[in-house]
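A short worksheet on the structure shown next.
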Amino acid sequence: MRCGAGIEARQVNELFINIDPIQAGGRLTGDAIKAIIAYGDGYSVCDNCRKPNRLDYIAKPPIVDFHKDVASWLNMDTARVVPGARRGFQAVTHTYVQKGDPVLLTSLSHYTEFLAVEGAGGVAREIPANAEHIITADATAAKIEEVQRETGKPPVLAFIDHVDYQFGNMHDVAAITKVAHQYDIPVLYNGAYTVGILPVDGKSLGADFVVGSGHKSMAAPAPSGILATTTEHAQQLFRTTTIEGDVTKRRFGIKEPEMMGCTLMGATLVGMMASFPHVKERVKHFDLELAHNKIIIDALRSIDGTKILSEYPRRHTLTRVDTTGSFDRVAETHKKRGFYLSSALADHGVTGVIPGATRIWKFNSYGTTKRQAEHLAAAFVAIADENGLRVTR
């Protein structure tokens, strides 16, 4: 099957159980697929754009309502859609960070957070994780004090991941934001792995800005995401343009510079909107996701030499695994070397583990049913058995 121009039709989620760490929460709903077909044209959502000619004012399709609903759902005051979480990071740093300003990140922060700081001219200062790969409020306070001693001022902004991409560990955001606010440091809550996956209450967490990823965790097409804030910050972050042409004297109404006027058009936006009712419902059942994840984790832990590097018991479905003492031992002598594991998983109808990875790798079980989780568990155990690894039953 081909889409034309030599592009093969992608059938990954139709033919396999997909445990790719960054794909699990972004699988589209049936309604989103319909929306892509109906609104695939680039400017399709602009059919009914009227003055003041801004995306979040369009009533048909109900984009204006979607913006309000997202803000309310996150318990924030104002929201915008953005082309991915990274553009949300960028909008905040461009607004609040000046050249040379120190900005708090963590030793587990995603590279896009660093790039957002760099693009604004800021200086990255990392809060170190502890031995359990957790960012704590105490470590945050110590880092702030260190920055103040060295620069004479506190950081101007802090990026805190609720769940980090490296281990899938959950960090005490509420305690961390409490510390940051004692130094008048606004906090950007990175919800790339939580918004759309589990319940998020921005104000209860103390977040000044909430950033989410549509294509990573909201069952939306890429690139898509959300940026929400409080009334306190909305006027500055979502300020309107004041620029004027010197020849034409043209001005541009209420366009927002950080949003470059309008952000998401066509399939990306309407796809995210179409999935939103499903997303709002699914976050209420994250306990089931953890139960299914435990089935897989228990099977992996039963294989001698396998270690779970993420915090345990698990509080998120994104998990980092060390199989240096198990599957990698097999790879040393297997004719396919490290590629045997992904190949064997494919034979069991499983995809998403990086081909060649047998030492340290990640998976995300989000969205699997109990039956699929049991199949995944059995697949790992069967591969261990087939290759002479000891399994404790």
(message) Using only atom types and a distance under 3.5 Å, with no angle test, would you say the side chain of Arg315 pairs donor to acceptor with the backbone of Met170?
(response) yes
(request) Might you work through the salt bridge (Lys or Arg N to Asp or Glu O under 4.0 Å) test for Arg125 and Glu146, ending with a clear yes or no? (result) CA-CA 10 Å; Arg125 302 301 303 267; Glu146 176 187 312; 3.0 Å; yes
(message) Quiz question: by atom type and distance under 3.5 Å, do the side chains of Tyr57 and Arg50 form a donor-acceptor pair?
(response) no
(request) To the nearest 0.5 angstrom, please state how far the CD atom of Glu258 sits from the CG atom of Leu237. (result) 7.0 Å
(request) Using distance alone, with no hydrogens and no angle criterion, decide if Gln148 and Tyr183 have a side-chain donor and acceptor under 3.5 Å apart. (result) no
(request) Say whether Thr351 and Asn18, considering side chains only, have a donor N or O and an acceptor N or O under 3.5 Å apart. (result) no
(message) Quick one: does any side-chain atom of Thr177 pair with a main-chain N or O of Ala174 as donor and acceptor, under 3.5 Å?
(response) yes
(message) Could you measure the distance from the OG1 atom of Thr369 to the NE2 atom of His375? Nearest 0.5 Å is fine.
(response) 10.5 Å
(message) When you compare the side chain of Leu105 with that of Ile127, does any pair of heavy atoms fall below 4.5 Å?
(response) no
(message) Check this for me: Ile354, atom CD1, are more than 12 non-hydrogen atoms of other residues, nucleotides or ligands nearer than 6.0 Å?
(response) no
(message) Side chains of Asp31 and Thr29: any donor to acceptor distance under 3.5 Å?
(response) no
(message) Restricting to non-hydrogen atoms, name the atom on Ala120 and the atom on His94 that form the minimum distance, rounded to 0.1 Å.
(response) CB-CD2, 4.1 Å
(request) Indicate yes or no for a side-chain donor-acceptor contact from Thr317 to the backbone of Ser365 under 3.5 Å, with no hydrogens or angles considered. (result) no
(request) If a pair satisfies side-chain hydrogen bond (donor to acceptor under 3.5 Å, both in side chains) and one of its residues is in residues 207-216, list it, with sequence neighbours excluded. (result) His181-Asp208, Asp208-His233
(request) Would you please test Thr140 and Ile135 for side-chain contact (heavy atoms from CB on, under 4.5 Å) and show each step? (result) CA-CA 8 Å; Thr140 302; Ile135 305 298; 4.3 Å; yes
(request) In sequence, state the C-alpha distance, the side-chain angles, and the governing distance for Val350 and Leu376, and then conclude on side-chain contact (heavy atoms from CB on, under 4.5 Å). (result) CA-CA 7 Å; Val350 178; Leu376 282 160; 3.5 Å; yes
(request) Report yes if the side chains of Asn169 and Arg314 come closer than 4.5 Å at any heavy-atom pair, otherwise no. (result) yes
(message) Using modelled atom types and a 3.5 Å cut-off, is there a donor and acceptor pairing between side-chain atoms of Arg87 and backbone atoms of Leu227?
(response) no
(message) Give me the atom names and distance for the closest heavy-atom approach of Leu74 to Val210.
(response) CD1-CG1, 4.0 Å
(message) Restricting to non-hydrogen atoms, name the atom on Pro21 and the atom on Asn364 that form the minimum distance, rounded to 0.1 Å.
(response) O-ND2, 3.3 Å
(message) With a 6.0 Å cut-off (strictly less than), is the heavy-atom count around CD of Gln235, excluding the residue itself, greater than 12?
(response) no
(request) Check whether more than 12 heavy atoms from other residues, nucleotides or ligands sit under 6.0 Å from atom NZ of Lys294, and answer yes or no. (result) no
(request) Using the salt bridge (Lys or Arg N to Asp or Glu O under 4.0 Å) rule, take Asp328 and Arg337 through it: C-alpha gap first, then chi angles, then the decisive distance, then the call. (result) CA-CA 9 Å; Asp328 192 57; Arg337 307 301 289 180; over 6 Å; no
(request) With sequence neighbours excluded, tell me which residues meet side chain to side chain contact (heavy atoms under 4.5 Å, CB included) with Thr78. (result) Arg80, Ala234, Phe238
(message) Tell me whether Glu332 is salt-bridged to Arg329, with the criterion being a basic N under 4.0 Å from an acidic carboxylate O.
(response) no
(message) I'd like to know if the side chain of Thr151 reaches the main chain of Val147, judged simply by a donor and an acceptor atom lying under 3.5 Å from each other, with no hydrogens or angles considered.
(response) yes
(message) Hydrogens and angles aside, do Arg239 and Gln236 bring a side-chain donor and acceptor to less than 3.5 Å of each other?
(response) no
(request) Count the heavy atoms of every other residue, nucleotide or ligand shown that sit under 6.0 Å from CZ of Arg390, and state whether that count exceeds 12. (result) no
(message) Is the shortest side-chain heavy-atom distance between Ile160 and Leu188 below 4.5 Å?
(response) no
(message) Less than 3.5 Å apart, any donor N or O on the side chain of Thr323 or Ser326 sitting next to an acceptor on the other?
(response) no
(message) Between Phe114 and Phe89 (judged by ring centroids, cut-off 6.0 Å), do the two rings come close enough to count as a pair?
(response) no
(request) Kindly say whether Phe209 contributes a backbone atom to a donor-acceptor pair with the side chain of Thr229 at under 3.5 angstrom? (result) no
(message) Taking atom CD1 as the centre, does Ile243 end up with more than 12 heavy-atom neighbours from other residues, nucleotides or ligands that are less than 6.0 angstrom away?
(response) no
(request) Write down the atom of Gly196, the atom of Arg282, and the distance for their closest heavy-atom approach. (result) O-NE, 2.9 Å
(request) Would you sort out whether Leu104 and Phe159 count as a side-chain contact (heavy atoms from CB on, under 4.5 Å), showing the intermediate values? (result) CA-CA 6 Å; Leu104 279 185; Phe159 282 77; over 6 Å; no
(message) Closer than 4.0 angstrom, basic N to acidic O: yes or no for Glu113 and Arg86?
(response) no
(message) Please check if the number of heavy atoms outside Lys255 that lie under 6.0 Å from its NZ is greater than 12.
(response) yes
(message) Donor-acceptor pair, distance only, cut-off 3.5 Å: does the side chain of Ser302 make one with the backbone of Arg393?
(response) no
(message) Between Thr268 and Ser224 (side chain of the first, backbone of the second, donor and acceptor by atom type, cut-off under 3.5 Å), is there such a pair?
(response) no
May I have the list of side-chain donor-acceptor pairs in residues 36-45 shorter than 3.5 Å, sequence neighbours left out?
| from | atom 1 | to | atom 2 | distance (Å) |
| --- | --- | --- | --- | --- |
| Ser44 | OG | Tyr39 | O | 2.9 |
| Ser44 | OG | Asp41 | O | 3.1 |

(message) List the residues meeting side chain to side chain contact (heavy atoms under 4.5 Å, CB included) with Asp77, not counting sequence neighbours, and say none if there are none.
(response) Lys203, Thr230, Thr231
(request) Can you establish whether the number of heavy atoms outside Glu118 located under 6.0 Å from its atom CD is more than 12? (result) no
(message) Give me each pair satisfying side-chain hydrogen bond (donor to acceptor under 3.5 Å, both in side chains) with a member in residues 153-168, each pair once, sequence neighbours excluded.
(response) Asp101-Lys153, Asp161-Asn190, His162-Tyr189, Asp164-His171
(message) Looking at Arg27 and Asp20, is there a salt bridge between them, counting it only when a charged N and a carboxylate O are closer than 4.0 Å?
(response) no
(message) As a quick check of understanding, evaluate side-chain contact (heavy atoms from CB on, under 4.5 Å) for His285 and Glu281, giving each step before the final call.
(response) CA-CA 8 Å; His285 308 290; Glu281 179 59 31; 2.8 Å; yes
(request) Name the orientation class of the two ring planes belonging to Phe380 and Trp361 (parallel below 30°, tilted from 30 to 60°, perpendicular beyond 60°). (result) parallel
(message) Using only atom types and a distance under 3.5 Å, with no angle test, would you say the side chain of His316 pairs donor to acceptor with the backbone of Leu290?
(response) no
(request) With sequence neighbours excluded, tell me which residues meet side chain to side chain contact (heavy atoms under 4.5 Å, CB included) with Tyr340. (result) Phe327, Val330, Ala331, His334, Lys336, Thr358, Ile383, Asn387
